[in-house]
Amino acid sequence: MSLILSALTRLNRVLERVLYALLLALLFGFIALIIYQIISRNLPLLPRLFWTEEFSRFAFQWMIMLGTAVGVLHADHFVLEAFPSGTRADQVTRWIRDLACLATGIIFVWFGKDFGISGLRRSATASGISMVYVYSVFTASGVFIILFSLERLLYAALHGMPAMENFLNTPNAVDDMAPNYMSAHEGTITSLSPTNSALKQGGNT
């Protein structure tokens with residue numbers, strides 16, 4: 001299991017870097033296309049390229065789905081904590097969370113492949129490209145979600161859920177502030193204790 005986790009971790013780090021580069025390229029392309037649409041509407045000298053609207057929409061869809069996969073790897077999606085942190089119920093819900101992400105990835109791949117194949121029979125109106133390049137986004141996202149969820153689950157099974165979250169989760173500013181707040185609060189109480197003792201002694205005299 002350790003060898004499998006090690007190989008999966010190396011693979012996912014490569015895929016993560018590829019996804020970051022792809023998402024950055026999609027973001028710049030999306031912004032450039034939107035800017036061109038705005039300028040072309042106000043400058044008659046520029047041609048109205050209707051395919052830019054399609055491509056910007058397609059880029060946005062790919063950004064959403066690929067970003068979703070990266071969010072699964074680092075647990076960046078919104079989480080509603082129903083139980084106190086560290087309790088048994090809280091640990092169970094964290095396992096359910098990652099298992100649910102794995103199930104979602106399987107659903108995306110299983111049903112997304114037929115949806116992607118259906119794009120071979122359709123073409124975009126303005127650009128004329130095959131819609132398989134757009135519809136296949138669910139299958140691609142599902143594959144990444146499965147790989148990232150498996151890494152989280154294997155790591156948690158071998159090293160424990162807290163160790164996995166410390167290794168993979170994006171740092172939470174609120175959680176980081178809590179120990180500092182408690183330390184500062186305890187320091188304030190400690191510093192006030194000699195003052196209270198002195199006041200009590202003064203009152204006794």
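Every value quoted in this text rests on a predicted model; they were computed, and no experiment measured them.
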A.B. asks: Kindly state each residue pair satisfying side chain to side chain donor-acceptor pair (under 3.5 Å) with at least one member in residues 118-147, sequence neighbours excluded.
C.D. replies: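 For residues 118-147, and leaving out neighbouring residues, the side chain to side chain donor-acceptor pair (under 3.5 Å) pairs sorted by first residue read Glu54-Ser127.
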A.B. asks: Which atoms form the tightest heavy-atom contact between Val134 and Val137, and what is the distance?
C.D. replies: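 Looking at all heavy atoms of both residues, the closest pair is O-CG1, 3.0 Å.
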A.B. asks: List the atom of Trp110, the atom of Asp114, and the distance in Å for their closest heavy-atom pair.
C.D. replies: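 Closest pair (atom of Trp110, atom of Asp114, distance): O-OD2, 4.3 Å.
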A.B. asks: According to a hydrophobic-cluster definition based on side-chain heavy atoms being under 4.5 Å apart (Ile, Leu, Val, Met, Phe, Trp, Tyr only), do Val143 and Leu15 belong together?
C.D. replies: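 Same cluster: Val143 reaches Leu15 through Ile, Leu, Val, Met, Phe, Trp or Tyr contacts under 4.5 Å.
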A.B. asks: Suppose the criterion is salt bridge (charged side-chain N to carboxylate O under 4.0 Å, His left out): which pairs have a residue in residues 125-153, not counting sequence neighbours?
C.D. replies: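 Found Arg13-Glu151, Asp98-Arg152.
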A.B. asks: Going by the side chain to side chain contact (heavy atoms under 4.5 Å, CB included) test, name the single residue among Ile145, Leu102, Asn12 that passes it with Leu150.
C.D. replies: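 The single option meeting the side chain to side chain contact (heavy atoms under 4.5 Å, CB included) with Leu150 is Leu102.
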A.B. asks: For the residue pair Ile129 and Phe58, what are the closest heavy atoms and their distance?
C.D. replies: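 So the two residues come closest at CD1-CE1, 4.0 Å.
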A.B. asks: May I ask you to decide whether Arg97 forms a salt bridge with Glu165, counting only side-chain N to carboxylate O separations under 4.0 Å?
C.D. replies: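 So Arg97 pairs with Glu165 through a salt bridge.
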A.B. asks: Would you kindly confirm whether Trp51 and Phe60 end up in one hydrophobic cluster when ILVMFWY residues are joined by side chain heavy atoms under 4.5 Å apart?
C.D. replies: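 Yes, because Trp51 and Phe60 connect within a single hydrophobic cluster, where side-chain heavy atoms sit under 4.5 Å apart.
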A.B. asks: So does Val72 get a backbone contact from the side chain of Asp76, meaning a donor-acceptor N/O pair under 3.5 Å?
C.D. replies: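 Side chain of Asp76 to backbone of Val72: no pair is present.
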A.B. asks: At their closest point, which heavy atom of Leu19 faces which heavy atom of Leu66, and how far apart are they?
C.D. replies: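 Heavy atoms only, the tightest pair is CD2-CD2, 4.0 Å.
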A.B. asks: If you look at every heavy atom in Trp95 and Ala156, which pair is closest and at what distance?
C.D. replies: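 Taking every non-hydrogen atom into account, CH2-CB, 3.7 Å.
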A.B. asks: Is the shortest heavy-atom distance from the side chain of His74 to the side chain of Asn169 under 4.5 Å?
C.D. replies: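 No, their side chains stay 4.5 Å or more apart.
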